[in-house]
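Quick note: residue numbers are just sequence positions, from 1. Predicted model only: the values in this text are computed from it and were never measured.
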Amino acid sequence: MLYCISTGEQILLSDNAASLAVQAFLQMCNLPIKVVCRANAEYMSPSGKVPFIHVGNQVVSELGPIVQFVKAKGHSLSDGLDEVQKAEMKAYMELVNNMLLTAELYLQWCDEATVGEITHARYGSPYPWPLNHILAYQKQWEIKRKMKAIGWGKKTLDQVLEDVDQCCQALSQRLGTQPYFFNKQPTELDALVFGHLYTILTTQLTNDELSEKVKNYSNLLAFCRRIEQHYFEDRGKDRLS
């Protein structure tokens with residue numbers, strides 16, 4: 001079973017992207033998925049992050065460890081790559097996590113308009129007052145401390161959006177006219193990129209500036225649509241949570 005945070009009013013951009021990336025990866029491995037949404041999934045996870053899978057008596061959270069767990073069970077998307085390609089795939093996955101994920105966290109917790117209109121209400125929605133406010137402010141403090149540690153604390157929103165654009169440009173150039181980043185078969189990189197880009201494109205924020213950065217790259221839009229159609233729509237409308 002795949003556990004993620006409840007969708008709808010509670011879901012935040014970064015959590016939705018991470019959950020969707022894992023769903024896409026498991027679909028690409030042709031593994032059965034039962035998605036279970038829990039308001040307290042973050043606190044059920046061994047790492048404090050979503051999503052996580054529960055298989056037998058084992059609980060594994062986040063895409064990287066889940067990929068390794070699934071590989072140990074005999075399922076891998078990147079076995080066909082040579083060592084140079086594997087190193088390149090890893091580098092692009094780090095780029096996505098360093099740029100797109102960090103930008104999502106920045107928008108959620110450091111952009112005052114988004115924090116005030118969206119983040120605090122969504123994050124605190126499962127909890128009664130005053131716990132909803134306490135937990136939201138604790139999370140905001142935690143993320144702001146992280147941003148300061150990695151040098152993003154004093155960035156402006158425009159600078160963050162420029163980082164997103166540069167990341168999308170690099171991904172667009174690597175993808176080119178191929179169906180997937182390493183030609184005809186998807187890898188973990190495809191699942192990760194899809195999770196983030198699709199979520200950015202479909203999550204309503206205070207403005208459209210973030211999604212507009214992705215929409216500038218037609219091949220990335222086609223890539224998202226291709227994966228959505230092949231791995232979600234074709235396997236049942238209820239699969240894409």
Side-chain angles (χ1 to χ4, degrees), residues 4-21 42 48-51 62-63 91-125 132-175 189 191-225:
C4 59
I5 290 178
S6 300
T7 55
E9 289 302 311
Q10 188 192 356
I11 196 71
L12 291 176
L13 188 64
S14 59
D15 294 331
N16 200 18
S19 296
L20 190 54
E42 180 182 355
K49 296 181 181 179
V50 291
E62 302 179 71
L63 180 62
Y92 275 96
M93 291 182 75
E94 289 180 357
L95 174 68
V96 171
N97 285 324
N98 290 339
M99 291 295 187
L100 294 187
L101 174 57
T102 308
E104 290 161 5
L105 290 170
Y106 176 98
L107 271 165
Q108 286 171 190
W109 297 105
C110 301
D111 177 57
E112 292 305 323
T114 306
V115 171
E117 293 181 36
I118 296 175
T119 307
H120 273 206
R122 288 188 181 180
Y123 190 81
S125 62
N132 57 343
H133 291 288
I134 293 170
L135 291 176
Y137 280 113
Q138 281 182 345
K139 187 69 173 183
Q140 185 177 15
W141 180 83
E142 175 191 325
I143 297 298
K144 282 189 170 183
R145 187 177 64 170
K146 176 183 177 181
M147 291 297 159
K148 187 176 180 180
I150 63 174
W152 281 53
K154 294 184 179 180
K155 281 195 176 188
T156 64
L157 179 58
D158 286 342
Q159 289 173 322
V160 170
L161 292 171
E162 180 59 30
D163 286 342
V164 170
D165 185 63
Q166 290 181 6
C167 181
C168 288
Q169 184 178 356
L171 292 172
S172 176
Q173 289 176 347
R174 179 63 184 84
L175 180 64
L189 174 62
L192 179 66
V193 172
F194 171 74
H196 285 279
L197 295 188
Y198 186 89
T199 301
I200 288 172
L201 289 166
T202 57
T203 302
Q204 185 175 1
L205 298 173
T206 55
N207 60 62
D208 298 328
E209 289 180 292
L210 183 61
S211 60
E212 288 299 325
K213 294 298 182 184
V214 180
K215 290 177 182 177
N216 288 332
Y217 300 94
S218 59
N219 63 337
L220 295 182
L221 292 176
F223 165 83
C224 288
R225 185 62 182 150

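- Looking at Leu171 and Cys167, their side chains come closer than 4.5 Å, going by heavy atoms from C-beta outward.
- Leu63 has its side chain within reach of Met93: a pair of non-hydrogen atoms, C-beta onward, lies under 4.5 Å apart.
- Atom NZ of Lys148 is surrounded by 12 or fewer heavy atoms from other residues, nucleotides or ligands within 6.0 Å.
- Atom-to-atom distance recorded for Tyr198:OH and Thr203:OG1 is 9.5 Å, nearest 0.5 angstrom.
- Taking CD of Glu94 as the start and CG of Leu189 as the end, the distance is 11.5 Å to the nearest 0.5 Å.
- Although no hydrogens or angles enter the test, the distance criterion places a donor-acceptor pair under 3.5 Å between the side chain of Ser125 and the main chain of Arg122.
- Counting heavy atoms from C-beta on, the side chains of Thr102 and Lys146 never come closer than 4.5 Å.
- Residues Tyr217 and Asp165 bring a donor and an acceptor atom of their side chains to less than 3.5 Å of each other.
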side-chain contact (heavy atoms from CB on, under 4.5 Å) assessment of Glu209 paired with Leu157: CA-CA 10 Å; Glu209 289 180 292; Leu157 179 58; 3.9 Å; yes

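- Residues Met147 and Ile143 are in side-chain contact: their nearest non-hydrogen atoms beyond the backbone lie under 4.5 Å apart.
- Taking CG of Asn132 as the reference point, atom OH of Tyr137 lies at 10.0 Å (rounded to 0.5 Å).
- Taking 4.5 Å as the limit, every side-chain heavy atom of Thr114 sits out of range of all side-chain heavy atoms of Leu13.
- The two residues Ala170 and Leu95 have their closest heavy-atom pair at CB-CD2, 4.0 Å.
- For the pair Leu105 and Trp152, the minimum side-chain heavy-atom distance is 4.5 Å or more.
- No more than 12 heavy atoms of other residues, nucleotides or ligands shown are found within 6.0 angstrom of CD on Gln204.
- Nearest heavy atoms, Val115 versus Cys110: CG2-N, 4.0 Å.
- Between Trp109 and His120, the ring-plane angle classifies as tilted under the 30° and 60° cut-offs.
- Here the closest non-hydrogen pair linking Leu197 and Val214 is CD2-CG2, 3.9 Å.
- In this structure, Thr199 and Glu104 have side chains that are not in contact, with every pair of non-hydrogen atoms separated by 4.5 Å or more.
- Residue Leu210 forms a side-chain contact (heavy atoms from CB on, under 4.5 Å) with just one option from Leu107, Asp111, Leu100, and that option is Leu107.
- Summarising the geometry of Gln108 relative to Ser14, their closest heavy-atom pair is OE1-N, 2.6 Å, with the distance given to 0.1 Å.
- Looking at every heavy atom in both residues, Leu220 comes nearest to Cys168 through CD1-O, 3.6 Å.
- Here the side chain of Asn219 pairs a donor or acceptor atom with the backbone of Ser172 at under 3.5 angstrom.
- Rounded to the nearest 0.5 angstrom, Leu205 CG and Glu117 CD are separated by 10.5 Å.
- Closest approach of Ser211 and Leu201 over heavy atoms only: O-CD2, 4.0 Å.
- Taking OH from Tyr123 and NE2 from His133, the interatomic distance works out to 14.5 Å, rounded to the nearest 0.5 Å.
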Verdict with supporting geometry, Asp208 and Lys215, salt bridge (Lys or Arg N to Asp or Glu O under 4.0 Å): CA-CA 10 Å; Asp208 298 328; Lys215 290 177 182 177; 5.9 Å; no

